[in-house]
Amino acid sequence: MLKELTEELYGAIEVSTSKVRFMIMAGDGEVVWSRFLKQGTVRGPSGNGRQRPSRWLRRIARLVANAQADGMPLERLAAIGVTCTTPTLVPVDQRNTALNDEAVLWCDTAVCGQPNARCSNVGLRKMAAFAKSDAHLFRNCHHVADATGYVISQLTGSLVSTRAALLQKFAWLGGGQFDTEGLDELPSGLVNAMLQKIPPNVANTGQLVGTVSPLGSERTGIPSGTPIVACGYDSISALPGGGICEPSTALLASLGTSVAFYLCPHPQVESIGQWATGRGLLPGNHYIASGGFEAGMQSIDLIHRVVRLACQVAGDRELEEVAKAGEARFDHHCIALPFGGVPLRAPLAGRCFQTHVMVNAVVPTPEHLLIAMRRGIACYLRYSIEDLRSHGVGVERVHLVGGGTKSPSFCKLVADCCQVPVVRFDASAASVGTAILAEGSLRGQLRMNQRIRQLTTTRTIFSPTERIGFYDEVYQGFHGQLERQMDFVERTSA
């Protein structure tokens with residue numbers, strides 16, 4: 001039976017690689033309605049991963065209709081936050097209509113520049129790859145919007161760029177300035193054209209950017225006049241949804257198609273080794289540090305086709321039992337570097353290939369690969385924690401969000417391997433954080449911080465209590481493989 005809802009409500013729209021979610025949170029912080037619809041990604045003519053923006057809107061409309069059918073009083077929505085995966089590129093015309101109904105999720109950026117020192121230019125490199133593969137679309141579009149800005153434009157009629165995406169993915173330096181390091185080999189005319197196509201109106205995370213227009217209401221079913229809040233992109237929204245809002249000793253690990261690490265370091269420092277640090281990603285203007293590794297065509301193929309969502313196990317009970325049994329049976333030599341040849345961010349930078357050592361098997365089985373990849377992700381998280389500690393930044397617990405949290409055995413593996421408690425949030429953390437940011441836009445940061453602190457008190461905690469010595473051996477094997485790979489990369493790139 002539905003809870004009687006008499007107070008104001010806060011909504012969240014999340015468009016991710018694999019789903020569209022609509023969530024409603026009550027004024028007391030309880031999530032009272034949440035549903036998602038799956039979506040797929042197809043390969044375009046040039047091999048790019050693509051989706052249809054019109055289908056995002058149709059899924060949003062279906063979810064809103066479902067919420068209304070379930071008795072949700074949508075007229076009580078005080079604000080709705082919007083967050084999407086980034087950098088997803090949507091070429092739009094002057095009316096903010098997606099040209100050819102195309103959105104580019106991923107593409108091969110290897111031939112379009114190199115990562116800059118802060119690894120913050122993947123959006124620019126992806127735009128260059130898009131301009132190369134779809135020259136006609138690029139030439140004829142008025143702007144190249146990020147997914148969050150595009151969805152907001154379809155709701156409100158106004159196109160924005162989000163500050164978080166610009167800082168983290170488009171090498172934005174503020175004002176009209178961008179860091180073009182790594183793009184030296186691209187024609188200067190192309191670089192200038194790219195920068196001119198980025199929407200100039202910038203919205204901070206948690207900023208009210210408009211209200212649902214009559215046309216936006218017709219498209220989605222959301223009541224006209226509902227306030228809309230820009231919430232950056234999904235990994236940033238997952239910070240408040242994962243219980244992090246202020247300087248602390250918690251590290252957020254987002255385990256989905258990409259693997260991303262975020263922390264609000266305590267003490268606050270401007271520089272941490274190779275970690276990218278910056279302000280302005282969240283309300284409060286604290287320094288946020290980030291790292292991890294990007295998804296790409298190789299790793300997506302590896303994870304989806306071979307490893308069957310290695311880090312996620314996707315709530316599949318049968319596969320969860322396979323993972324638990326394999327973890328207990330395979331010795332410490334069953335370990336893999338989980339990168340698949342995609343770009344690494346902090347605490348490493350560059351490219352590193354996936355390698356593995358298997359247990360008494362000439363041809364590795366999917367079960368071997370599943371265990372090896374899960375261990376590899378957990379070990380890379382430990383590697384990152386140790387790197388932070390070497391720079392004086394303590395990490396005393398890990399907050400897990402994303403699809404990987406659906407596997408309890410994987411949460412336990414991370415705790416045992418990293419030797420710190422793991423607080424499990426869930427796959428909807430980005431939506432929860434988006435709803436909290438929407439509330440904060442109206443009720444202030446103090447209320448928002450209180451809401452975020454409440455989240456941690458109701459979560460499952462996995463403690464590192466088993467096989468510590470064994471996972472020390474696993475980690476040493478991982479560390480040795482990583483060093484050999486980095487030496488190889490350094491020699492071949494010299």
Side-chain angles (χ1 to χ4, degrees), residues 18 238 242-243 250-261 292 299 302-339 354 356-359 361 364-385 395 397-429 456 458-478:
S18 59
L251 174 71
L252 183 99
S254 177
L255 305 173
T257 308
S258 295
V259 176
F261 309 139
S299 63
L302 182 66
I303 291 173
H304 283 75
R305 298 182 184 182
V306 181
V307 191
R308 296 179 63 193
L309 294 172
C311 70
Q312 296 183 28
V313 195
D316 184 330
R317 285 173 176 261
E318 180 181 354
L319 194 55
E320 172 74 352
E321 293 305 312
V322 169
K324 289 169 64 177
E327 190 59 46
R329 188 169 77 254
F330 295 145
D331 69 21
H332 65 276
H333 293 297
C334 185
I335 184 68
L337 302 183
F339 313 118
Q354 188 267 348
H356 52 261
V357 177
M358 289 303 161
V359 185
T365 66
E367 187 180 7
H368 285 115
L369 288 170
L370 174 67
I371 301 307
M373 289 289 287
R374 281 162 51 108
R375 288 178 178 176
I377 292 169
C379 285
Y380 191 66
L381 182 51
R382 175 169 168 176
Y383 181 87
S384 301
I385 291 172
V395 175
R397 65 187 185 279
V398 171
H399 291 193
L400 284 187
V401 302
T405 62
K406 294 181 180 180
S407 168
S409 67
F410 185 66
C411 297
K412 187 64 171 63
L413 170 63
V414 172
D416 288 340
C417 184
C418 296
Q419 300 180 18
V420 295
V422 167
V423 185
R424 181 174 72 169
F425 290 81
D426 56 37
S428 62
T456 308
T458 60
R459 303 295 163 174
T460 303
I461 299 177
F462 295 81
S463 299
T465 57
E466 299 176 6
R467 305 176 75 191
I468 299 301
F470 173 80
Y471 286 109
D472 280 339
E473 290 185 282
V474 170
Y475 179 70
Q476 293 306 315
F478 169 88

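Throughout, numbering of the chain's residues begins at 1 and tracks the sequence. Model, not experiment: these values are computed from the prediction.
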Does [X] have any side chain to side chain contact (heavy atoms under 4.5 Å, CB included) partners at least two apart in sequence or in another chain, and if so, which?
| X | answer |
| --- | --- |
| Q419 | R382, I468, D472 |
| S384 | F261, W275, P347, Y380 |
| A260 | S235, S254, Y262, R345 |
| T465 | K412, S463 |

Just to verify, what does K324 make a side chain to side chain donor-acceptor pair (under 3.5 Å) with, not counting sequence neighbours?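 Per chain and number, K324 pairs via side chain to side chain donor-acceptor pair (under 3.5 Å) with no residue.
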With sequence neighbours left out, write down each residue that passes side chain to side chain donor-acceptor pair (under 3.5 Å) with R329, or none if nothing qualifies.
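Expected list: E367.
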Among all residues two or more places apart in sequence or in another chain, which pass the salt bridge (charged side-chain N to carboxylate O under 4.0 Å, His left out) test with [X]?
| X | answer |
| --- | --- |
| R397 | none |
| R375 | E327 |
| R459 | D426 |

*Taking all non-hydrogen atoms of both residues into account, name the closest pair between A238 and L252 and its distance.*
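Residues A238 and L252, closest heavy atoms: O-CD1, 3.7 Å.
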Problem - Results of ring pair (Phe, Tyr, Trp, His ring centres under 6.0 Å) for F425 - residues two or more places apart only - result: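 Applying ring pair (Phe, Tyr, Trp, His ring centres under 6.0 Å) to F425 gives H399.
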### Message
Can you list everything that forms a ring pair (Phe, Tyr, Trp, His ring centres under 6.0 Å) with Y475? Sequence neighbours excluded, please.
### Response
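By the ring pair (Phe, Tyr, Trp, His ring centres under 6.0 Å) rule, Y475 matches H479.
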